[in-house]
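Written below as structure tokens is the structure these notes are about.
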Amino acid sequence: MHVDGTIIGQVSVEQALIVSQSGRVEGDIFAGKVIVNGVIEGSCHATSVEILESGQIQGTIYTDDLSIERGGKFNGDTQPAQKEQVVELTAKEAPMDSSLKQRVNN
């Protein structure tokens, strides 16, 4: 997704979000990769975040891969990427009837 104008609200993309020099995002971002040459105000959750020389981010960045070019501006916090919480469900064993148990055990 390429942003050349202004977006106010949450942005969610699976691939890359590119905020051009004329682009601005105010809100929370969830993306695979974020490349900023414009302005982001809010939280940014991504696998990789690049702030280019005209880019500015104000807020919290959640990533394990952050790069800022000379001239790029960042005002806020950085946090490790938040891992998805996975809950493992186990199936309950249904009681076997006695005829089936005999066939399984033989």
Applying side-chain hydrogen bond (donor to acceptor under 3.5 Å, both in side chains) as the test, list every pair that has at least one member in residues 13-24; sequence neighbours left out. D4-S20, S20-S22, Q21-S54, R24-E26, R24-E41
Which residues pass the side-chain hydrogen bond (donor to acceptor under 3.5 Å, both in side chains) test with Q79, not counting sequence neighbours? none
Taking everything shown except Q10 itself, do over 12 heavy atoms lie less than 6.0 Å from its CD? yes
Partners passing salt bridge (charged side-chain N to carboxylate O under 4.0 Å, His left out) against K73 (at least two apart in sequence or in another chain): none
In the hydrophobic clustering (ILVMFWY, side-chain contacts below 4.5 Å, transitive), which residues join V39, or is it alone? none
Closest non-hydrogen contact found for D64 with P80 is OD1-CA, 3.6 Å
Can you list every pair that meets ring pair (Phe, Tyr, Trp, His ring centres under 6.0 Å) and has a residue in residues 35-57, with sequence neighbours left out? F30-H45, H45-Y62
Share the residues that join V13 in a hydrophobic cluster, the rule being Ile, Leu, Val, Met, Phe, Trp or Tyr side chains under 4.5 Å apart at the heavy-atom level. M1, V3, I7, V11, L17, V19, V25, I29, V34, V36, I40, V49, I51, I57, I61, L66, I68, F74
Who pairs with T78 by side-chain hydrogen bond (donor to acceptor under 3.5 Å, both in side chains), at least two apart in sequence or on another chain? none
Sequence neighbours left out, what pairs pass ring pair (Phe, Tyr, Trp, His ring centres under 6.0 Å) with at least one residue falling in residues 3-23? none
Could I get the full list of side chain to side chain contact (heavy atoms under 4.5 Å, CB included) partners for T47, not counting sequence neighbours? none
Report the residues that fulfil side chain to side chain contact (heavy atoms under 4.5 Å, CB included) with L52, sequence neighbours left out, ordered by chain and then residue number. I35, N37, E50, E69
